[in-house]
K.L.:
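Before we start, here is the structure in question, set down as structure tokens.
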Amino acid sequence: MLIKSAEFVVSNQDVSKCPKSNLPEYAFIGRSNVGKSSLINMLTERKSLAKTSGRPGKTQLINHFLINKSWHLVDLPGYGYARVSKQAKKTFQKFITAYFEKRKQLVSAFVLIDIRHQPQPIDLEFMRWLGEHQIPFSIIFTKADKLKPMAIDRQVDDYMHKLSEEWDPVPGYFITSATKRNGKDELLSYIESINNQIRP
Ligand code: GTP
Ligand code: MG
């Protein structure tokens, strides 16, 4: 899929204020600093469409981006950031949960995982929660440029092996690097194929 246009639409903390249109929507979720916003910029080839930062906790709202005037990409705040207050954590959790529970336009979530990390309880719990709520999702391994090819294979094998202990079938996955621009075509083709199934 060629990205012809990518525009910021709206940011808010309230799912009822998200765009009313019925366009299919894909949301990026994962721990703070995993690379959600960077991946959105890489996919859309826009340097600073989504705001990124070396410090975790940059994205604090539900951000809608309109792609090719026909579907939405959604950038969400990260979970598991230790340095925000308990109150802020609760607020985040509330509106992220409400977004996933209520947003009818959501076609699929992408759970981003830093390829260097071993499976973390917070990510495994979040995927479990998505499963319980019957929200389709795939995994996106990020920052693949940080590892050599053999280490990438090993990390992915280990991660999927861990998931196979509780998932059958295991979720689909993509391997990406925002800095090296890896995984862009695979991800965009996947989204395009789902969009085509929805609106042939
Ligand atoms: P929050 O909004 O805080 O939840 O973070 P986020 O998940 O949106 O992460 P963001 O895209 O802001 O990136 C966090 C940091 O990781 C930044 O310093 C990025 O430059 C870096 N980063 C993101 N993707 C990659 C990647 O593919 N490779 C490398 N090496 N660094 C990356
Ligand atoms: Mg972000």
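Both backbone and side-chain heavy atoms feed into the values below; hydrogens, waters and symmetry mates do not. Note that ligands are numbered from 1 as they come in the structure, with each ligand's atoms numbered from 1 the same way.
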K.L.:
Which option, Thr179, Asn41, Leu76, Asn33, owns the non-hydrogen atom nearest atom 5 (O) of ligand 1?
P.N.:
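Closest candidate by heavy-atom distance is Asn33.
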K.L.:
Side chain to side chain donor-acceptor pair (under 3.5 Å), that's the test. Do Ser177 and Asp145 meet it? Break it down for me.
P.N.:
CA-CA 6 Å; Ser177 160; Asp145 55 283; 2.8 Å; yes
K.L.:
List every atom of ligand 1 that sits less than 4.0 Å from any heavy atom of Gly35, numbering the atoms from 1 in the order shown and giving each element.
P.N.:
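That gives atoms 6 (P), 7 (O), 9 (O), 10 (P), 11 (O), 13 (O), 23 (C) of ligand 1.
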K.L.:
Between ligand 1 and Leu39, is the shortest N or O to N or O distance under 3.5 Å?
P.N.:
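Min N/O separation from ligand 1 is not below 3.5 Å for Leu39.
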K.L.:
Consider ligand 1: state whether an atom of it lies below 4.0 angstrom from any non-hydrogen atom of Val34.
P.N.:
yes
K.L.:
Please report whether ligand 1 has a polar contact with Ser37, defined as an N or O pair separated by less than 3.5 Å (distance criterion only).
P.N.:
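Such a contact does occur with ligand 1.
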K.L.:
Minimum distance, heavy atoms only, to atom 20 (O) of ligand 1: which one of Ser38, Gly78, Ser53 is it?
P.N.:
Ser38
K.L.:
Taking salt bridge (charged side-chain N to carboxylate O under 4.0 Å, His left out) as the definition, give me every residue that meets it alongside Asp14, ordered by chain and number, with sequence neighbours left out.
P.N.:
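Asp14: salt bridge (charged side-chain N to carboxylate O under 4.0 Å, His left out) contacts with Lys17.
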K.L.:
Any atoms of ligand 1 less than 4.0 Å from a non-hydrogen atom of Gly57? List them with their elements.
P.N.:
3 (O)
K.L.:
Under the ring-ring contact (aromatic ring centres under 6.0 Å, His included) rule, what do Tyr159 and Tyr173 come out as? Steps first, then yes or no, please.
P.N.:
CA-CA 11 Å; Tyr159 207 99; Tyr173 65 84; 9.5 Å; no
K.L.:
Under 3.5 Å, is there a donor-acceptor pair linking the side chains of Asp114 and Thr142?
P.N.:
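No.
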K.L.:
Leaving out waters, which are not shown anyway, how many protein N, O or S atoms lie closer than 2.8 Å to the Mg ion (ligand 2)?
P.N.:
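Of the protein's nitrogen, oxygen and sulfur atoms, 2 lie under 2.8 Å from the Mg ion (ligand 2).
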K.L.:
Give a yes or no answer on whether the side chain of Thr176 reaches the backbone of Gly183 with a donor-acceptor pair at less than 3.5 Å.
P.N.:
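Not confirmed, Thr176 side chain does not pair with Gly183 backbone.
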K.L.:
Scan for ring-ring contact (aromatic ring centres under 6.0 Å, His included) pairs involving residues 33-69, sequence neighbours excluded, and state none if there are none.
P.N.:
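Sorted result for residues 33-69: Phe8-Phe65, His64-His72.
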K.L.:
Is there a nitrogen or oxygen of Pro56 sitting under 3.5 Å from a nitrogen or oxygen of ligand 1?
P.N.:
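Looking only at distances, the answer is no, because the N/O contact criterion of under 3.5 Å is not met.
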K.L.:
Assigning hydrophobic clusters by single linkage (Ile, Leu, Val, Met, Phe, Trp, Tyr; side-chain heavy-atom cutoff under 4.5 Å), is Leu66 placed with Val107?
P.N.:
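Leu66 does not cluster with Val107.
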K.L.:
Is it the case that Asn195 and Tyr26 place a side-chain donor and acceptor less than 3.5 Å from each other?
P.N.:
yes
K.L.:
Only heavy atoms of Ser177, strictly under 4.0 Å: list the atoms of ligand 1 that pass.
P.N.:
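Within the 4.0 Å cut-off of Ser177, ligand 1 contributes 27 (O).
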K.L.:
Output the distance between atom CD (Gln155) and atom CZ (Phe141), rounded to the nearest 0.5 Å.
P.N.:
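Result: 8.5 Å between the selected atoms.
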K.L.:
Who gets closest to atom 4 (O) of ligand 1 by heavy atom: Lys36, Lys58, Lys143?
P.N.:
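Among Lys36, Lys58, Lys143, the closest heavy atom to atom 4 (O) of ligand 1 belongs to Lys36.
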K.L.:
Among all protein heavy atoms, pick out the one at the shortest distance from atom 2 (O) of ligand 1; state its residue, atom name and that distance to 0.1 Å.
P.N.:
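Result for atom 2 (O) of ligand 1: Thr59 OG1, 2.7 Å.
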K.L.:
Quick one: which residue pairs count as a salt bridge (charged side-chain N to carboxylate O under 4.0 Å, His left out) with a foot in residues 120-136, not counting sequence neighbours?
P.N.:
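Salt bridge (charged side-chain N to carboxylate O under 4.0 Å, His left out) check on residues 120-136 returns Arg128-Glu166.
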